[in-house]
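Let me begin by presenting the structure, written as structure tokens, before commenting on it.
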Amino acid sequence: MKLKELLKSLEILDSKNLKEDLEISTVEYHTDKVKKDSLFVAIKGYKTDGHKYIKKALEKGAVAIVVEDFQDIEAPQIKVKNSRIALAKIASNFYGDPSKELNIVGVTATNGKTTTAFMIESIFKEAKFKTGISGTVYTKYADTIIPSILTTPESKDLQFYFRDMVEKGIEKVVMEVSSSADELHRVDNVDFDIVTFNNLSREHIDQHGSFERYYEVKSRLIRFAPEHAIAILNMDFDLIGVLKEKTRAKVLTYSLKEENYEYDFSIGNLDLSSGMGKFTFYVNRDIKLKDFTIKKQKFEIDLNVAGYSSVMNAVVAIIVGLVNRIDIKIIIKGLENFKGVERRFEMIYDEKFKIIDDHFANVRNIDVSLETLSKMKYKNLHFLYAIRGNRGVHLNEENAEKIVEWFKILKPKNFYASLSKETVTWKDEVSKEELEVFEKVMKKNNINFKLFENLEESVISILKCAKEDDLVFLGGCQGMDKGAKYALNYIIDSGLTKKADELKEKINSRIC
């Protein structure tokens, strides 16, 4: 493709030695992928600056460079204000704006993006659509599976996947959209058909600088949605609700407060006694969309995954299904087929006692997960928490205080904590200050706990406490990622299962 075609609609501040008739073979932002006749886009990241690698890119065959700061080189340079914005536009041009040829659902939330995306995909699959999904776990479509490094791929990679999806006949795409993705312009030039904002709480404050900034970038998915899109908003959050007046998209509203008929959709008759959610879903009025109407009605939902969070995520998935004109029976079947996502209130063992493994990230996540525990039936609770590393003192203090708040209700028989030193990398290590603030909150509230340096020892120790009909809760983010494997291996080795082969298969197929 000619360079001038790649630069269409790009806001260029200045240029040097520009040759618009250059033939460009690839667009790259990482020098390892640069080859002959590449256009190299020098982006500024959190840890390094692509401008430092321009000479390497030229040595590998790059013939033109997109920069924010001119370099002392002879090669053609295109200067832009923000090279990430430029990368998104150039990549869209290079791959022929492929998102316009797909039907794309973008899901954002502080918690539950992954589960919601997989639930939606399950419904789409039941409706016989050819699907693609991109998020925290992987990008997967047709015969392609790419394990994820980022929740939302870099813009160039995303546009490549979209073009490949088009070529392989994909019809419906579901993708998680992180706050980082919006802030770093990874989803610029993506033509979304449906966007959802499911919940909001404090998260990634250190990364974004403030909650206000986090909300600003998080809400871009809704605020910048195209006019033809449908925006699905959880009106239980004021900061989400106000976006109804700040988007061009057609807005559909819902509430998770029981018997709340003020909005388009709601739920009632919620039952979490077994851990698995059962509820009535209400369409509270006839809802006119562009070419059809969702009729006022109600129907029963019986999930096969545990936790109140699964109920919250299922509501969004149901609405997406209805908007796509999928029959209610197919929606229900799609949710029945969904068996959960790793580490999202995942019941990994349910025989002599129960073991739940949960991605215990922040106060909102803790609230939802422990509220579900409070509604479940069991004899004694045994609780293991992997302290969250490298997320700052403030988040760890908030998490500790929220755990204390629920412990006064749940009254666990045993409470252990782990630093997971043998499993985490440097980016998730618990700092001295993070441990100290956790210990301070526990001491202040007279809560005793046993601290372990290593995760495996802590998991085995907490499981040895469990008796018949008890519940063991493994909570934590990256520090608990390997916890389920340790737990299931212990269950097998101890002869506590009649399903050893099934559990071994579960261990071998786990991503974490």
Side-chain angles (χ1 to χ4, degrees), residues 111 270-277 303 305-311 340 342-388 396 398-420 438-439 441-452 455-477 479-484 486-488 490-491 494 496-497:
N111 299 303
L270 178 62
D271 180 2
L272 287 164
S273 58
S274 69
M276 311 294 184
L303 299 176
V305 286
Y308 180 59
S309 57
S310 293
V311 173
E342 278 186 22
R343 310 230 48 244
R344 272 59 176 184
F345 209 89
E346 180 188 11
M347 195 172 295
I348 60 173
Y349 172 76
D350 184 11
E351 294 180 63
K352 184 177 181 181
F353 50 87
K354 288 181 170 69
I355 305 174
I356 290 174
D357 179 28
D358 190 47
H359 189 74
F360 217 50
N362 50 53
V363 292
R364 173 67 180 169
N365 201 176
I366 293 169
D367 251 340
V368 171
S369 296
L370 298 191
E371 182 178 1
T372 302
L373 288 189
S374 73
K375 298 178 185 297
M376 291 178 65
K377 294 178 180 178
Y378 52 83
K379 282 187 179 178
N380 292 301
L381 172 64
H382 309 277
F383 199 104
L384 171 60
Y385 175 54
I387 300 170
R388 194 162 191 195
N396 273 282
E398 282 189 332
N399 281 6
E401 289 174 345
K402 181 57 68 173
I403 289 170
V404 166
E405 182 183 320
W406 275 104
F407 274 18
K408 293 174 182 177
I409 299 168
L410 297 171
K411 298 180 173 59
K413 187 171 183 179
N414 292 287
F415 178 31
Y416 294 171
S418 175
L419 302 177
S420 308
F438 176 79
E439 291 176 326
V441 173
M442 295 304 143
K443 183 176 180 181
K444 177 183 175 183
N445 290 276
N446 298 313
I447 291 182
N448 296 318
F449 68 96
K450 186 174 181 179
L451 181 67
F452 293 80
L455 180 62
E456 184 173 17
E457 183 183 3
S458 66
V459 170
I460 293 172
S461 296
I462 200 77
L463 291 178
K464 286 180 177 179
C465 299
K467 307 297 181 185
E468 191 166 351
D469 296 327
D470 284 357
L471 191 151
V472 177
F473 186 86
L474 308 177
C477 289
M480 189 58 77
D481 276 350
K482 305 298 181 185
Y486 293 143
L488 293 175
Y490 172 82
I491 293 296
S494 302
L496 294 171
T497 179

[X]: which residues meet the side-chain hydrogen bond (donor to acceptor under 3.5 Å, both in side chains) condition with it, sequence neighbours left out?
| X | result |
| --- | --- |
| Asp469 | none |
| Ser310 | none |
| Thr372 | none |
| Ser458 | none |

Rounded to the nearest 0.5 Å, what's the gap from CE on Met480 to CD1 on Ile387? Could you check? 10.5 Å

For [X], which residues count as a side chain to side chain contact (heavy atoms under 4.5 Å, CB included) partner, sequence neighbours excluded?
| X | value |
| --- | --- |
| Lys354 | Met347, Asp350, Met376, Leu471 |
| Lys444 | none |
| Asp481 | Arg343, Gln478, Cys512 |
| Lys450 | Tyr416, Phe452 |

Using salt bridge (Lys or Arg N to Asp or Glu O under 4.0 Å) as the criterion, list what pairs up with Asp470, not counting sequence neighbours. none

For Glu351, check salt bridge (Lys or Arg N to Asp or Glu O under 4.0 Å) against everything at least two apart and list the hits. none

Please identify each residue that fulfils ring pair (Phe, Tyr, Trp, His ring centres under 6.0 Å) with Phe383, with sequence neighbours left out. Phe360, Phe407, Phe415, Phe473

